[in-house]
Structures are given as structure tokens and as C-alpha cells.
Amino acid sequence: MIPFFCSHHEHNWYMAGGQYPGDRAQALRLRGVLDVLRHVHLRSATTRAGLARELGLSRGSATEIMARLRALSLVEEGDAAPGGGRGRPTRAVGPHPAGPLALTVDISYERWRLAVAEVGGGLRMMAEERHPPGRHPAEVLARVSHAITEAREELGPRLAALGVSVAGTVSEGRVVQAGSMGWRDVEVARALSLGPVPVVVGNDATLAGVTEARRGAARGAGTALYLTVEVGIGGVLLDQGHPVSGGTGTGGEFGHVPFGDPERRCPCGAYGCWDQEVDGRALARLLGAPPPADPRLAAGEVLDRARRGDPEARAAAETVARSLGRGIAGLVNALDPRIVTLAGLAATMLEVAGPAVDRAYHGGLMSFRRDDPPPLVRSEFPQDGSLRGAADLAFDAILSEAGLNAWREILPATS
């Protein structure tokens with residue numbers, strides 16, 4: 001494989017018309033193509049002039065690269081973009097109708113969803129099915145695999161990658177533990193293998209965080225923290241849109257830091273997990289109710305009562321809100337993000353008990369952070385962030401040197 005990394009100076013020199021011999025010129029040409037293609041993928045509405053301006057390309061270089069991408073059936077240019085300026089009108093850039101596609105799957109404790117994504121991030125739902133909590137993983141994966149096989153028949157050779165989101169701890173394509181679903185040591189990537197098509201498997205909160213960092217509320221923040229509360233709390237630290245997932249890929253299990261009662265055992269096997277203090281199980285416990293069969297549904301009911309002024313529900317919500325705020329402060333002190341995006345019950349807490357969250361958050365921050373603390377903001381993709389994140393990591397494989405080489409090989413079959 002030809003390495004395509006080069007300095008900014010070298011890249012600009014080549015794009016301005018300079019020539020390098022042999023492999024270096026080819027590598028720089030590929031670098032320019034990939035830069036433009038990734039830019040198009042993350043910005044659904046762009047133009048050739050916009051690409052040239054934002055990437056520092058000359059008009060001639062932008063024209064040459066766009067010609068290469070059209071020839072590879074990766075992008076197309078549509079009608080001239082509206083505008084009132086002088087000169088030749090610029091053209092809108094978008095996905096090619098015969099371009100590469102990624103399947104994306106989201107498996108939660110109660111359902112799975114399957115969608116297809118194109119360059120630019122557009123999603124089309126293809127299948128969805130609910131399953132009872134506790135269903136054996138082999139049964140769930142068999143149903144998902146069948147849906148993927150049917151989708152592959154429809155999409156044909158355009159299918160270039162598969163991204164899978166699972167509500168559990170994931171390491172190297174394997175769910176090592178998913179307490180809400182009762183899964184342990186499940187080889188998800190192997191069960192959903194598509195032969196030579198790359199398969200990327202990740203934790204649902206991690207992938208939703210990728211979406212927020214690349215397309216949503218944390219876009220452009222550099223370093224961002226994403227947190228969501230469903231059954232327990234999940235999240236991820238992101239650096240320039242990429243998850244910081246640790247040595248084995250299991251980083252981001254923030255729900256299992258010991259911010260809770262050290263006498264309370266968590267289903268993960270540890271004691272004192274933050275998980276136990278911030279979701280529907282905590283709200284039920286505070287109200288003297290038994291552990292709920294569906295913690296998300298139970299939490300929604302309690303918070304609805306709190307909105308309507310029920311004093312007991314309000315007190316329980318504020319207790320959970322304080323635990324949430326203190327824990328966020330601890331993570332901010334340790335990880336130093338520029339912004340914190342919240343989803344699920346965490347976002348709802350901002351609405352129902354925002355002052356309690358804020359007081360606990362600011363009180364837990366180191367003093368030097370309090371004048372300009374990272375803002376707590378709601379997620380922009382609360383419903384499909386994990387699906388979109390799985391698609392974007394699948395496209396990371398497609399929009400790479402190896403991915404483009406693989407696409408060139410099947411290109412005649414897609415034309």
C-alpha cells in the first residue's frame with residue numbers, strides 16, 4: 001500500500017501544480033482525493049467553491065479532484081447552487097447515485113434497527129424488530145443476520161461496509177458484557193460477517209457520541225464528552241471526532257466509575273457504580289418502589305409526575321439530578337472536554353431539574369474551571385445517533401486508501 005501522509009506544505013505545493021516523482025505524486029493525489037471526499041461526507045450541503053475555500057485548494061485542483069471522484073462514482077455535481085454573486089455559478093456536490101453504501105445496525109435491549117447510509121450521511125431505514133429483554137443473543141443475531149442478507153441482495157456490490165451498534169461493552173468486535181440484555185462474550189462481528197466487507201462493531205453510546213462530535217452539538221469542539229442515560233449511563237470522550245476508547249476498546253464505561261453507594265452491587269460485578277444512581281432504577285428506589293422491569297419507561301413516568309408538580313416525584317428527580325451533576329463535574333475535572341453533550345434521561349433532567357443539575361455540576365468543578373465551564377447541551381441526534389455513528393465509522397473504512405482500492409475493484413459491477 002502507498003502511504004499518503006504528507007506535510008501541509010507538501011500538500012499545498014502539489015495542489016498548486018508542483019510535481020513529485022513516482023509514488024510521492026500518487027500519494028499526494030490520493031491524499032487530496034480523500035480530503036475532499038471526507039469533507040463531502042461530513043457536510044451534506046456543499047459546493048465545489050466551498051470545498052476549494054475550506055480546504056485551501058486552487059480552482060484547478062478542485063476541478064481535477066472532482067473529476068476523479070465523479071469517474072469513481074463517488075460524488076456528483078447537481079444543478080448550480082443559488083446565489084447572487086458575480087462570475088460562474090458554483091455547483092452543488094452530493095453523493096453519486098451509484099456510489100458506495102454502508103449498512104448500519106443498532107441493537108438495544110428491546111429492539112434492533114437496520115438502515116443504509118450513503119456518502120454524506122443520508123439514512124434510509126430498511127428493517128426494524130422488537131424483541132423481549134433477555135432473548136438469547138443467538139436468536140437476536142440470527143434475525144439481524146437474515147435482514148442484512150436480504151439488504152445485501154438489494155444493494156448488490158455497492159455495499160462496502162457494515163457498522164454495528166450494541167448496547168453493551170465492546171472489544172474487538174465482541175460484546176464482552178451487556179448487563180441490560182444479559183449478553184456476555186458474544187462474537188457479534190463473526191455472527192454478522194459479510195466476508196470481505198469490513199464490519200465495525202461499537203458501543204451504542206460511543207457511536208452516538210461520534211455523531212454528536214462530527215455532525216451535532218459538539219461539532220468543531222475538538223475535545224468533547226458525550227453522556228447518555230438509558231438503563232445506566234454510557235458515554236465517550238472524543239478527540240477531533242474520534243472516540244478515545246482505550247487499550248482494548250472498552251473505554252467510556254462511565255456508568256461504572258464508583259460515584260455511587262459503595263455498598264450497592266451493580267450487575268457488572270462492581271460496587272458503587274454511578275449507573276445505580278442516575279436512571280429509572282434509582283428513581284424507583286427513592287420512591288420506595290420495586291426495581292422496574294423497564295427502567296426507561298419507569299423513569300419517564302416519574303419525570304412526568306415531577307413536571308406536574310408531584311412533590312415526591314420532584315424530590316426523587318432532584319436527588320438523581322444532583323448525582324448526575326456531581327458525576328459530570330468529576331469527569332470534566334479528569335478529562336478536560338470543551339463541551340458536554342447529553343442525551344436520554346440526562347437531557348430530560350436538564351428540562352425537569354436543570355437548576356439541581358447545574359448547582360451540583362458547578363459545585364463539583366475545580367475552582368479554575370468555574371468562570372468558563374464546559375457547557376452542558378442537549379444532543380442534536382437523540383433518536384438515531386448510534387445508527388449514524390455506526391455508519392460514520394463504517395465510512396471511515398470506505399473513505400480510506402484501502403477502501404478506495406477495494407471500491408475501484410468492484411466499480412465496473414456498480415456502473
Side-chain angles (χ1 to χ4, degrees), residues 1-6 11 14-15 25-81 90-104 115-124 151-152 154-163 194 196-200 214-215 241 388-415:
M1 304 296 285
I2 301 170
F4 56 87
F5 296 100
C6 61
H11 180 259
Y14 171 74
M15 289 303 175
Q26 185 176 353
L28 292 174
R29 189 177 298 115
L30 178 59
R31 172 68 178 268
V33 167
L34 286 172
D35 283 350
V36 170
L37 188 53
R38 291 165 181 159
H39 192 88
V40 171
H41 178 62
L42 292 177
R43 290 158 180 79
S44 56
T46 190
T47 64
R48 187 191 300 184
L51 284 167
R53 181 174 60 254
E54 293 184 35
L55 294 178
L57 303 175
S58 68
R59 178 180 297 177
S61 296
T63 299
E64 177 189 351
I65 290 173
M66 291 306 302
R68 291 179 180 277
L69 293 175
R70 289 195 305 272
L72 289 169
S73 298
L74 290 167
V75 302
E76 68 172 358
E77 294 181 276
D79 296 333
T90 189
R91 302 180 69 81
V93 180
H96 195 284
L101 300 171
L103 280 174
T104 176
V116 60
E118 63 183 359
V119 171
L123 281 184
R124 174 169 65 89
R152 187 179 194 180
E154 175 186 335
L155 302 177
R158 294 180 63 194
L159 176 58
L162 170 65
L194 293 172
V197 175
V199 179
V200 179
R214 297 187 184 188
R215 303 178 181 275
R388 292 182 179 277
D392 272 343
L393 288 197
F395 265 102
D396 283 352
I398 298 171
L399 308 184
S400 66
E401 183 178 0
L404 289 190
N405 286 336
W407 178 247
R408 286 191 187 98
E409 293 178 6
I410 67 157
L411 190 58
T414 67
S415 304

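Side-chain atoms are counted along with the backbone in the values below, which use heavy atoms only and exclude waters and symmetry mates. Sequential numbering from 1 along the given sequence is applied to the chain's residues.
Within the 4.5 Å cutoff, no side-chain heavy atoms of His96 are placed close to those of Val119. Residues Val93 and Val36 form no side-chain contact, since every pair of their non-hydrogen atoms from C-beta on lies 4.5 Å or further apart. Contact of the Leu74 side chain with the Val40 side chain is not registered, since no non-hydrogen atoms from C-beta on lie closer than 4.5 Å. Side-chain contact check for Asp392 versus Arg215: some heavy-atom pair is nearer than 4.5 Å. Counting heavy atoms from C-beta outward, Leu34 and Arg38 have side chains that approach closer than 4.5 Å.
The minimum heavy-atom distance linking Ala391 with Thr104 is given by the pair N-OG1, 3.6 Å. Pairing each heavy atom of Phe395 with each of Glu118, the nearest pair is CZ-C, 3.4 Å. Contact record, Ala117 with Leu123: CB-CD2, 3.6 Å, taken as the closest heavy-atom pair. Minimum heavy-atom separation, Pro157 to Ile410: O-CD1, 2.7 Å. For the residue pair Leu194 and Arg152, the shortest heavy atom distance occurs at O-NH2, 3.3 Å. For the residue pair Pro198 and Ala160, the shortest heavy atom distance occurs at CD-O, 3.3 Å.
Summarising the geometry, atom CG belonging to Leu404 is positioned 10.0 Å from atom CD1 belonging to Ile398; distances are rounded to the nearest 0.5 Å. Atom CG of residue Leu37 and atom CD1 of residue Ile65 lie 10.5 Å apart, to the nearest 0.5 angstrom. Here the CG atom belonging to Leu103 is positioned 4.5 Å from the CG atom belonging to Leu159, to the nearest 0.5 angstrom. Considering CE of Met66 and CZ of Arg70, their distance stands at 6.0 Å, rounded to 0.5 Å. For the atom pair CZ (Arg388) and CG (Leu393), the distance works out to 14.0 Å, reported to the nearest 0.5 Å.
A donor-acceptor pair under 3.5 Å links the side-chain atoms of Trp407 to the main chain of Leu72, judged by distance alone. At least one donor-acceptor pair closer than 3.5 Å links the side chain of Arg214 to the backbone N or O of Gly241.
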